[in-house]
Amino acid sequence: MPRLKMEDDEFDVDELEEAEYDEDSQVQPYTGPKPPDNTILPGRIKKMWWTFTKDDDRLLKVLWEADEYAGKYKGFPVWDNVTFNTKSKWRWKPFLDAYGLTVLDVKKKLFVVSADPDDDHPTLGAEIQKIGTLVPGEESADSRIIVVHKRDNQGNMRANVVKYLPYEDEDEDEDDEDEDEEEEQPPPPRRAPAAKSAGTSKAGAARRKPAPEPVDEEEDEEIEDQEEEQDPEPPAKRRAAKAGTRPAAKAARPSPAVPARRTAKSGRVAGKPTRGRVNRGSDEEPPF
């Protein structure tokens, strides 16, 4: 059996042995369950490469992996191809939006690990160090994906990305912030209804009257006492004066019969005999 002879420049053993690599950045074998179709998984981009399609369109090859928040699907890997052409905007636009990037960022802010084309992966292309603020393997590469399974050209079932989503849902974050603010802030003080402008209703303005001032009972009694001291007339006469002039009919009414009166000196009833009764003067004594 003939042995194949290889030159050092073709296969350098020393160079291969001394090469360094990061074990943590490599894809670990996944033995867990496969998520059902249309499952939303949280995770991050582990690595990216910059290459071309068969039609010479620029292609972003992505290795995405589910994180610990994916539960039993932690470590589930997904390979994805993001092609940049006008027909595939429905694919690359959600990808850029999920990471806060633009097409201009891809053109102006894409950095590769090595500028030497000889260092590119033979099938994957040039390894990307970062695109704008997106750094593979770091927190800036976090996102969520909607995953489905399809058969590839070889007939094998493989996971595919339907759409990229931001790692955190903005609507849920706003709801959480609102709830926190409601719990932390005390209830607002009760305010009186706002008064209407005077010009809004003329009838209402006419009906509005100033509130009566409170009456001090002690002051009221002092005023009455002063009036009684200044007015020598008896109360009955003052009441008659306040009541006003009575009707003429009552004034003309004849007075009732006045009973007989005794004289001041004699003590007898005027017009009647004494009937033997003696007038009791102060200087006379009785006859018995």
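Since the structure is predicted, the reported quantities are computational estimates derived from the model, not experimental observations.
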Stepwise side chain to side chain contact (heavy atoms under 4.5 Å, CB included) test for S143 and W64 = CA-CA 9 Å; S143 67; W64 188 95; 3.2 Å; yes

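- No more than 12 heavy atoms of other residues, nucleotides or ligands shown are found within 6.0 angstrom of CD on E139.
- Shown here for A141 and P136, the closest heavy-atom pair between the two residues is CB-CA, 4.1 Å.
- Taken together through direct or relayed side-chain contacts under 4.5 Å among Ile, Leu, Val, Met, Phe, Trp and Tyr, V103 and I131 form part of one hydrophobic cluster.
- Under a 3.5 Å cut-off, the side chain of T39 and the backbone N or O of P36 do form a donor-acceptor pair.
- Rounding to the nearest 0.5 angstrom, the gap separating the NZ atom in K54 from the CG atom in D56 is 12.0 Å.
- Of the possible polar contacts, none joining the R151 side chain to the N156 backbone as a donor-acceptor pair under 3.5 Å is found.
- The structure places CG of L165 at 9.5 Å from CD1 of I145, a figure rounded to the nearest 0.5 Å.
- Rounded to the nearest 0.5 angstrom, F111 CZ and K130 NZ are separated by 5.5 Å.
- Judged by distance alone, the side chain of D55 and the main-chain N or O of D57 form no donor-acceptor pair under 3.5 Å.
- Here the side chains of K93 and W90 are not in contact, with every heavy-atom distance at 4.5 Å or above.
- Considering all non-hydrogen atoms of both residues, K74 and Y30 come closest at O-CE1, 3.3 Å.
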Go through D67 and Y167 one step at a time and tell me if the side chain to side chain donor-acceptor pair (under 3.5 Å) criterion holds.
-> CA-CA 11 Å; D67 60 18; Y167 192 80; 2.7 Å; yes

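- Taking the six-membered ring for Trp and thresholds of 30 and 60 degrees, Y99 and Y164 have ring planes inclined between 30 and 60 degrees apart.
- Between the side chain of D8 and the backbone N or O of D12 there is no donor-acceptor pair closer than 3.5 Å.
- No more than 12 heavy atoms of other residues, nucleotides or ligands lie within 6.0 Å of OH in Y69, so this atom counts as exposed by the packing criterion.
- G125 approaches W49 most closely through the heavy-atom pair O-CD1, 3.5 Å.
- For the pair R91 and D80, the salt-bridge criterion is met [side-chain N within less than 4.0 Å of a carboxylate O].
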Determine, step by step, whether N160 and K150 satisfy the side chain to side chain donor-acceptor pair (under 3.5 Å) criterion, reporting the C-alpha distance in whole Å, the side-chain angles of both residues, the deciding distance to 0.1 Å, and the verdict.
-> CA-CA 7 Å; N160 291 265; K150 295 180 181 179; over 6 Å; no

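- Remark: M48 CE to I128 CD1 distance equals 4.5 Å, nearest 0.5 Å.
- Panel note: side chain D37, backbone H149; a donor-acceptor pair is recorded below 3.5 Å.
- The hydrophobic cluster containing V135 does not contain V106, counting ILVMFWY residues as joined when their side-chain heavy atoms lie under 4.5 angstrom apart, directly or transitively.
- One finds the CD atom of E168 at 9.0 Å from the CG atom of D142 (value rounded to the nearest 0.5 Å).
- Taking all atoms of both residues into account, the shortest heavy-atom contact from V147 to P35 is CG1-CG, 4.1 Å.
- Under a 4.0 Å N-O distance rule, the pair R44/E65 does not qualify as a salt bridge.
- Using a 4.5 Å cut-off between side-chain heavy atoms of Ile, Leu, Val, Met, Phe, Trp and Tyr, with links allowed through other members, L110 and F84 fall into the same hydrophobic cluster.
- A pairwise comparison of heavy atoms in A66 and A70 identifies CB-CB, 3.8 Å as the closest pair.
- For the pair T53 (side chain) and L59 (backbone), a donor-acceptor distance under 3.5 Å is absent.
- At a threshold of 4.5 Å between non-hydrogen side-chain atoms, the residues V62 and L60 count as touching.
- Under a 3.5 Å cut-off, the side chain of W79 and the backbone N or O of A159 do not form any donor-acceptor pair.
- To the nearest 0.5 Å, atoms NZ (K47) and NE2 (H121) are separated by 9.0 Å.
- L124 and V113 fall into different hydrophobic clusters, where Ile, Leu, Val, Met, Phe, Trp and Tyr residues are linked whenever their side-chain heavy atoms come under 4.5 Å apart, directly or through other members.
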